[in-house]
Amino acid sequence: MNAPTTAPEALALVRDHTVYACVMGSRAFGLATEASDTDRRGVYVAPTALFWRFRKPPTHVEGPREEEFSWELERFCELALRANPNILECLHSPLVERLTPVGEELLSLREAFLSRRAHTSFSRYAASQHAKLVADVRIHGAPRWKHAMHLLRLLLSCRDLLRTGRLTIDVTEHRDRLLAVRRGELTWAEVDAWMTRLTAESEAALATTPLPEDPDHARVEAFLTRTRRASAG
């Protein structure tokens, strides 16, 4: 069983073995305001010897700083191969704070993780978030506008990924209108119509997307194997 993700041993993994760290959230999306937090995400490589024990190293760690969350490399790669939206976006942050040679190799695999699976994973996540917004409107008369803004941002990224084969998370181009959504300056009907249009555009883009059917699992696994062997020394 994994150690608690805030245990001293776990925090030491983040401190001593992080290979990639970045800033995510509104600051990476081009949507930051003076009140925005700084959300940090990272990837650490647990020393191979730790896997030889009955008690395995943690797959993820919270901290040590506020709003900081890190994944062990293998778990991170597993989620990226499944086209987890949060993980894929983490790989494409424009705000990198730490990068080792292993981290550089991880970033060089960005395209290997991308596939048409992204349409399914992004769409399912978007549908679940949309359902929550609809429930808010039904119960409270309005959605949580910040969540509505971020759902629109996700839908924009998904559409453009399917159209171009490249994931871009900076939505500065749409900043003014997205922030207007966050401030509640658009009606829910207008926002919902925008979401519906973006969803339809993603569906249409899927038919001609340059993305491959599946990610390059073998290439990612070869990277993980090399990294584990190097750590075993």
Handout entry: ring pair (Phe, Tyr, Trp, His ring centres under 6.0 Å) against F76, all qualifying residues, sequence neighbours excluded
Key = W71
Fill in the blank from the handout: Heavy atoms of E89 and L154 approach each other most closely as OE2-CD1, 3.5 Å
Problem - Side chain to side chain, S70 and R40, heavy atoms closer than 4.5 Å - result: no
Exercise for the section: Start with the C-alpha distance between D170 and H92, add both sets of side-chain angles, then the distance that settles side-chain hydrogen bond (donor to acceptor under 3.5 Å, both in side chains), and finish with yes or no. Expected result: CA-CA 9 Å; D170 189 319; H92 292 78; over 6 Å; no
Problem - Flag for S36-R27: side-chain donor and acceptor within less than 3.5 Å - result: no
Practice task
Please list, chain by chain and in numerical order, all residues satisfying side-chain contact (heavy atoms from CB on, under 4.5 Å) with E74, sequence neighbours excluded.
Solution key: E72, E78, L224, R228
Exercise for the section: Scan R116, R219, R117, R82 and name whichever one has a salt bridge (Lys or Arg N to Asp or Glu O under 4.0 Å) with D214. Expected result: R117
Exercise for the section: Decide if atom CD of E105 counts as having more than 12 heavy atoms of other residues, nucleotides or ligands within a radius under 6.0 Å. Expected result: yes
Handout entry: Rounded distance (nearest 0.5 Å) linking atom SG of C90 with atom CG of D39
Key = 11.0 Å
Exercise for the section: Give the cluster check for V96 versus L73: same hydrophobic cluster or not, with ILVMFWY residues linked at side-chain heavy-atom distances below 4.5 Å. Expected result: yes
Practice task
Report yes or no: does S231 contribute a side-chain atom to a donor-acceptor pair with the main-chain N or O of T227 at less than 3.5 Å?
Solution key: no
Completion exercise
Taken to the nearest 0.5 Å, the spacing of L31 CG from R175 CZ works out to 6.5 Å
